[in-house]
Enquirer: 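I'd like to ask you about the structure that follows.
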Amino acid sequence: MLNVSENTVISTRLKNVSAQFNVFSTYISKSGQVEGSDTDFAAFAEEVAGLYMTRIQVIDRDFNIITDTYNINKGKLCISQDVNQCFNGTNLSYVDKGHQCIILVQAVKDDAGTVQYVMFATSSISDIFQAMSSIHLIGLAIMIILSIIVLFFAIFWSGRLVKPFGRINEVIARIDQGHMTEDIKLEGCTEVETISNSFNLMLGKINQLEQSRQEFVSNVSHELKTPLTSMKVLSDSLLMSEDTPAEMYREFMSDLSSEIDRENAIITDLLTLVRLDSDSTELNVSHVNVNELISQTLKMVKPLAEKKNIDILFESFRPIEADVDQIKFSMAISNLVENAVKYNNNEGWVHVTLNADHNYFYVKIQDNGFGIPKESQDRVFDRFYRVDKARSRETGGTGLGLAITRSIILAHNGDIRLYSEENVGTTFSIQIPLKHIAVKNI
Ligand code: ADP
């Protein structure tokens with residue numbers, strides 16, 4: 001910027017000196033006066049020279065200096081390229097930055113147009129250079145002061161901005177030591193508050209997961225212990241009584257066998273659930289005829305339904321083919337239909353319907369059984385949750401069926417919903433995409 005303004009000031013000075021010089025050259029042409037100390041010419045020359053600290057020399061055709069406003073070179077010869085060029089008809093004007101001056105060389109012609117004299121002027125521009133160097137110094141000082149101020153603010157603000165992250169680090173270190181309930185309360189710019197809110201949210205989720213893990217472990221222990229306790233009681237009773245009648249012996253052994261079956265069922269369901277949890281993306285997906293798959297699954301549940309004289313009706317609206325894991329999908333349907341039979345009255349009914357649109361297929365399992373109370377509807381998909389523990393035990397339930405079913409449906413990128421009314425019936429509604437897209441773990 002300073003260079004640009006320096007050039008602008010110099011070119012303005014050049015224009016002004018040239019204009020003055022033109023007036024002087026016209027005066028010489030008109031008056032014919034080129035020398036004399038007491039003449040109008042001398043007064044004019046002094047005036048022009050004094051205006052911009054200009055030295056004017058007039059040179060005749062013999063290269064003699066006939067006028068010098070500094071009275072130094074008068075009478076001497078001036079043979080320079082510029083003067084020679086000017087006698088040949090080329091006026092010159094340029095800036096000599098090295099000597100800090102403007103040089104003007106101009107021809108004075110007579111009426112016939114012949115160059116009679118050459119006026120050689122050097123006008124000092126050292127005042128401009130001095131002013132510019134002062135401005136340079138002031139600019140430098142302003143820049144240094146501004147840099148110090150900016151540096152000060154940068155250090156101050158970076159300290160303030162980084163401070164909350166130090167607090168986050170502290171909390172992470174405390175969490176690492178096992179203080180999982182630690183919360184971050186940070187105030188500052190929006191980004192910092194957003195990070196602290198997200199961090200607290202994540203922490204809440206981790207705590208929730210930890211709590212459900214603990215609950216799960218305690219439920220598993222309890223569920224596995226129940227059949228073991230019964231087995232222990234039964235075997236101890238047999239051991240203690242000496243002359244046990246064969247009938248009683250058989251009865252106890254049969255009870256023992258059902259407790260072992262129960263323990264086995266719980267372990268099998270638990271293993272299925274754990275595998276589904278860890279390998280949700282590892283479905284063995286193939287393109288299958290869903291109508292056929294459901295028909296086959298229903299055939300397997302039929303003997304159970306016949307025992308209670310329950311009708312299972314399958315209604316399909318169209319032939320449907322979709323990408324599913326045959327074994328797991330069949331397990332999910334079988335769990336739901338078995339439940340519809342187990343938690344139903346004798347002579348009840350179960351309706352299974354199948355439909356589809358362009359993207360999804362829908363399965364509905366409807367029964368007119370006991371129904372699920374409103375307050376339990378949110379919890380029936382939880383592991384080991386049973387509305388009526390005694391009834392579930394009677395029917396050989398483990399309390400894991402719906403948890404397994406839901407995991408299977410979610411692994412298929414699907415959705416499962418429940419509508420139920422006590423003593424009226426229950427409907428489970430499933431929606432699964434026709435084309436499978438693996439659920440990605442982030
Ligand atoms: P369970 O092995 O006990 O059947 P589930 O996870 O399959 O476990 O079901 C959880 C509970 O939900 C059951 O104990 C039962 O109380 C209730 N339930 C499930 N399906 C039905 C249904 N169709 N009608 C009424 N209650 C149901």
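FYI, the numbering just counts along the sequence from 1. Counting starts at 1 for both ligands and their atoms, in listed order.
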Enquirer: Under 3.5 Å, N or O to N or O, is Phe428 touching ligand 1 that way?
Expert: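 Looking only at distances, the answer is no, because the N/O contact criterion of under 3.5 Å is not met.
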Enquirer: Can you tell me the protein heavy atom closest to atom 8 (O) of ligand 1 and the distance?
Expert: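 For atom 8 (O) of ligand 1, the nearest protein heavy atom comes out as Gly399 CA, 3.2 Å.
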Enquirer: With a 4.0 Å cut-off on heavy atoms, does Gly369 reach ligand 1?
Expert: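 Heavy atoms of Gly369 never come under 4.0 Å of ligand 1.
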Enquirer: Are a donor atom and an acceptor atom from the side chains of Asn284 and Gln326 found within less than 3.5 Å of each other?
Expert: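 Looking only at side-chain atoms, Gln326 and Asn284 do not form any donor-acceptor pair under 3.5 Å.
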Enquirer: Counting both backbone and side chain atoms, is some N or O of Leu402 under 3.5 Å from an N or O of ligand 1?
Expert: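 N/O-N/O distance below 3.5 Å exists for this pair.
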Enquirer: Counting non-hydrogen protein atoms only, what is the nearest one to atom 15 (C) of ligand 1? Give residue, atom name and distance.
Expert: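 Protein heavy atom at minimum distance: Tyr343 CZ, 3.6 Å.
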Enquirer: Does some side-chain heavy atom of Phe361 sit less than 4.5 Å from a side-chain heavy atom of Val324?
Expert: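 In short, these two side chains touch, coming nearer than 4.5 Å.
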Enquirer: Taking CD in Glu247 as the centre, count heavy atoms belonging to other residues, nucleotides or ligands within less than 6.0 Å. Is the count above 12?
Expert: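 Incorrect, the count does not exceed 12.
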Enquirer: What residue and heavy atom of the protein are closest to atom 12 (O) of ligand 1, and at what distance?
Expert: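 Among all protein heavy atoms, the one nearest atom 12 (O) of ligand 1 is Val380 CG1, 3.4 Å.
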Enquirer: Taking distance alone, with N or O pairs closer than 3.5 Å, would you say Gly401 contacts ligand 1?
Expert: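 Looking only at distances, the answer is yes, because the N/O contact criterion of under 3.5 Å is met.
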Enquirer: Measure the distance from atom 23 (N) of ligand 1 to every protein heavy atom, then report the residue, atom name and distance (to 0.1 Å) of the closest one.
Expert: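 Of every protein heavy atom, Asp367 OD2, 3.0 Å lies nearest to atom 23 (N) of ligand 1.
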Enquirer: When you look at Tyr343 and Phe428, which way does the ring pair (Phe, Tyr, Trp, His ring centres under 6.0 Å) test go after all the steps?
Expert: CA-CA 13 Å; Tyr343 305 106; Phe428 282 95; over 10 Å; no
Enquirer: With a 4.0 Å cut-off on heavy atoms, is Tyr385 touching ligand 1?
Expert: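 Under 4.0 Å: yes for Tyr385.
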Enquirer: Are Glu210 and Arg213 close enough for a salt bridge, meaning some N to O gap below 4.0 Å?
Expert: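 The answer is yes: the pair qualifies as a salt bridge.
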Enquirer: Does Asn335 come within less than 4.0 angstrom of ligand 1, counting non-hydrogen atoms of the residue?
Expert: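 Contact check Asn335 vs ligand 1: negative.
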Enquirer: Starting from atom 3 (O) of ligand 1, find the nearest protein heavy-atom neighbour and note its residue, name and distance.
Expert: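 Ranked first by proximity to atom 3 (O) of ligand 1 is Ser392 OG, 2.6 Å.
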Enquirer: Would you call Val171 and Arg174 a side-chain contact if the rule is heavy atoms closer than 4.5 Å?
Expert: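 No, side chains not in contact.
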Enquirer: Taking only heavy atoms of Thr398, which atoms of ligand 1 are found under 4.0 Å from at least one of them?
Expert: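 Under 4.0 Å from Thr398, ligand 1 has these atoms: 2 (O).
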Enquirer: Report yes if the side chains of Ser230 and Asp255 come closer than 4.5 Å at any heavy-atom pair, otherwise no.
Expert: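 Not touching, per the 4.5 Å side-chain cut-off.
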Enquirer: Do Arg383 and Glu223 meet the salt-bridge criterion of a basic N to acidic O distance under 4.0 Å?
Expert: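 Judged by the 4.0 Å cut-off on N to carboxylate O distance, Glu223 and Arg383 do not form a salt bridge.
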Enquirer: So Tyr27 and Val108, do their side chains get closer than 4.5 Å, heavy atoms only?
Expert: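 Contact flag for Val108/Tyr27 side chains = no.
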Enquirer: To check your reading of the model: name the closest protein heavy atom to atom 19 (C) of ligand 1, its residue, and the distance in Å.
Expert: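 So the nearest neighbour among protein heavy atoms is Asn339 ND2, 3.5 Å.
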Enquirer: Say whether Lys342 and ligand 1 are in contact under the criterion: heavy-atom distance to a ligand atom below 4.0 Å.
Expert: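 Heavy atoms of Lys342 do come under 4.0 Å of ligand 1.
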Enquirer: What residue and atom, counting heavy atoms only, is the protein's closest point to atom 26 (N) of ligand 1, and at what distance?
Expert: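 Checking every protein heavy atom, the shortest distance to atom 26 (N) of ligand 1 gives Ile372 CG1, 3.3 Å.
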Enquirer: Pairing donors with acceptors under 3.5 angstrom, does anything connect the side chains of Thr297 and Ser330?
Expert: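 On atom types as modelled, these side chains qualify, holding a pair under 3.5 Å.
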Enquirer: Answer with side chain, backbone, both or neither: which part of Val387 has a heavy atom less than 4.0 angstrom from an atom of ligand 1?
Expert: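 The answer is both.
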Enquirer: Nearest to atom 14 (O) of ligand 1, what protein heavy atom do you find, and at what distance?
Expert: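 Answer for atom 14 (O) of ligand 1: Arg386 CG, 3.1 Å.
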Enquirer: Quick one: which of Thr122, Thr69, Leu104 gives a side chain to side chain contact (heavy atoms under 4.5 Å, CB included) with Ile56?
Expert: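 Among Thr122, Thr69, Leu104, the one meeting side chain to side chain contact (heavy atoms under 4.5 Å, CB included) with Ile56 is Thr69.
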